[in-house]
J.: 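I have a structure I would like to understand better, so I am pasting it below and will then ask my questions one at a time.
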2 protein chains.
Amino acid sequence: MSQRGIDLTTSLGYLLKEASSALRTAMEEALRPLGMTITHYSCLELLAQRPGLSNSELARGAFVTRQSMNVLLQALERDGFVTRPEEARVGKVLPTQLTPRGRRSLEKATVAVRAVEDRMLAGLTQEEQSNALIVLRSMVHALRDDNQDVNPADH
Amino acid sequence: MSQRGIDLTTSLGYLLKEASSALRTAMEEALRPLGMTITHYSCLELLAQRPGLSNSELARGAFVTRQSMNVLLQALERDGFVTRPEEARVGKVLPTQLTPRGRRSLEKATVAVRAVEDRMLAGLTQEEQSNALIVLRSMVHALRDDNQDVNPADH
DNA sequence: CAACCTATGTCAGAATACTGACATGAGTCA
DNA sequence: TGACTCATGTCAGTATTCTGACATAGGTTG
């Protein structure tokens with residue numbers, strides 16, 4: 001009669017959280033010697049690949065609120081890792097750029113993070129990895145707010 | 001010469017974080033009407049499946065520190081969702097039990113969480129799901145602290 | 001037995017992220 | 001043009017989690 005619980009040992013949701021937690025811990029340990037946090041690193045990595053990203057765009061890319069990213073950006077700007085124009089050229093958007101110092105800092109972090117990711121992927125075939133990519137993308141898509149109960153309409 | 005960045009669009013680590021973030025947001029929205037947080041729910045679910053778990057064991061199962069779980073347990077005990085003995089029968093371990101009220105509260109939450117998980121799994125075949133389980137377990141294992149560079153020695 | 005190590009529960013302070021709120025700029029629509 | 005909606009940057013306060021620290025219980029090892 002009463003609803004049975006969710007079996008944690010076979011729940012994809014639980015295992016997803018476990019894997020994410022393990023990755024987070026490993027990355028924190030790898031970045032700690034560099035005095036860098038995960039959000040800190042994510043911000044620099046995003047800026048390296050897509051220079052000129054705004055505060056809100058960086059927030060979405062790093063999976064935090066724009067308020068959290070804002071305080072981080074102010075610290076990064078104060079310490080000379082990034083630069084932002086005084087005023088917006090259009091709207092209120094302030095495009096952010098990496099400084100040479102920010103780029104150097106990111107390079108060390110990338111080495112450390114890549115080592116963690118390589119360790120995580122060890123023991124998985126190329127096919128398993130690409131299958132995992134597909135499955136994770138499907139989960140992300142299915143969980144979107146704007147995807148409550150509509151039929152699968154491909155872009 | 002210089003280390004190239006990590007391509008976020010094809011990085012399993014980044015996608016893992018994205019999926020985990022999406023799941024977290026969806027679960028928060030589902031649990032908010034019940035006045036329950038994710039850690040809160042995780043604690044009750046763990047106790048339902050393995051009654052008598054200690055504070056530290058619950059912390060590991062919910063992927064938080066034992067300090068965080070401790071403050072949560074004190075609140076849950078104060079509000080009558082769980083009970084703990086005054087003194088430890090052996091060592092310092094205080095086995096925790098769900099109260100009837102805690103069990104009722106959990107049942108509503110399980111329904112909400114199951115709906116989220118079903119939505120996440122929609123569009124995935126049974127085979128894709130079990131393959132994803134295997135891949136995630138492999139990642140978790142590879143990231144363990146006590147698994148730095150030893151040869152694959154099974155259990 | 002004594003020294004050591006590990007695990008646990010707990011308190012206190014620090015760090016981090018979040019919610020709420022406000023003003024402003026851009027696009028839409030009647 | 002004016003009203004409306006939406007997104008952005010930012011400030012302030014709150015909440016949650018973490019790190020540091022301590023005392024204690026149990027097992028291990030010499």
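The sequence lines fix the lettering, A, B, ..., with proteins before strands; numbering per chain opens at 1.
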J.: In terms of relative ring orientation, are B:Phe81 and B:His40 parallel, tilted or perpendicular, with 30° and 60° separating the classes?
T.: perpendicular

J.: Just the rounded figure in Å: distance from P of D:dA7 to CE of A:Met69.
T.: 19 Å

J.: Just by distance, do the side chain of B:Arg60 and the backbone of B:Arg66 share a donor-acceptor pair under 3.5 Å?
T.: no

J.: How many Å lie between CG on A:Leu73 and C1' on D:dC11, as a whole number?
T.: 16 Å

J.: What's the angle between the local helix axes at either end of the helix from C:dC1-D:dG30 to C:dA30-D:dT1, using five pairs per end and rounding to 10 degrees?
T.: 30°

J.: Between the side chain of B:Ser138 and the main-chain N/O of B:Ile134, is any donor-acceptor distance below 3.5 Å?
T.: no

J.: Taking side-chain hydrogen bond (donor to acceptor under 3.5 Å, both in side chains) as the definition, give me every residue that meets it alongside B:Glu57, ordered by chain and number, with sequence neighbours left out.
T.: B:Ser54

J.: If you count the non-hydrogen atoms of other residues, nucleotides and ligands that lie under 6.0 Å from CZ in A:Arg50, is the total more than 12?
T.: no

J.: Using a 4.0 Å cut-off on protein heavy atoms (strictly under), produce a 5'-to-3' string for nucleotides 5-17 of chain C with B for base contact, S for backbone-only sugar-phosphate contact, and - for none.
T.: ---BBBB-----S

J.: Rounding to an integer number of Å, can you tell me how far B:Leu76 CG sits from D:dT16 P?
T.: 12 Å

J.: Using only atom types and a distance under 3.5 Å, with no angle test, would you say the side chain of A:Ser11 pairs donor to acceptor with the backbone of A:Asp7?
T.: no

J.: May I ask you to decide if B:Leu53's main-chain N or O and B:Thr96's side chain share a donor-acceptor pair within less than 3.5 Å?
T.: yes

J.: I'd like to know if B:Arg103 and B:Glu107 make a salt bridge, using a cut-off of under 4.0 Å between side-chain N and carboxylate O.
T.: no

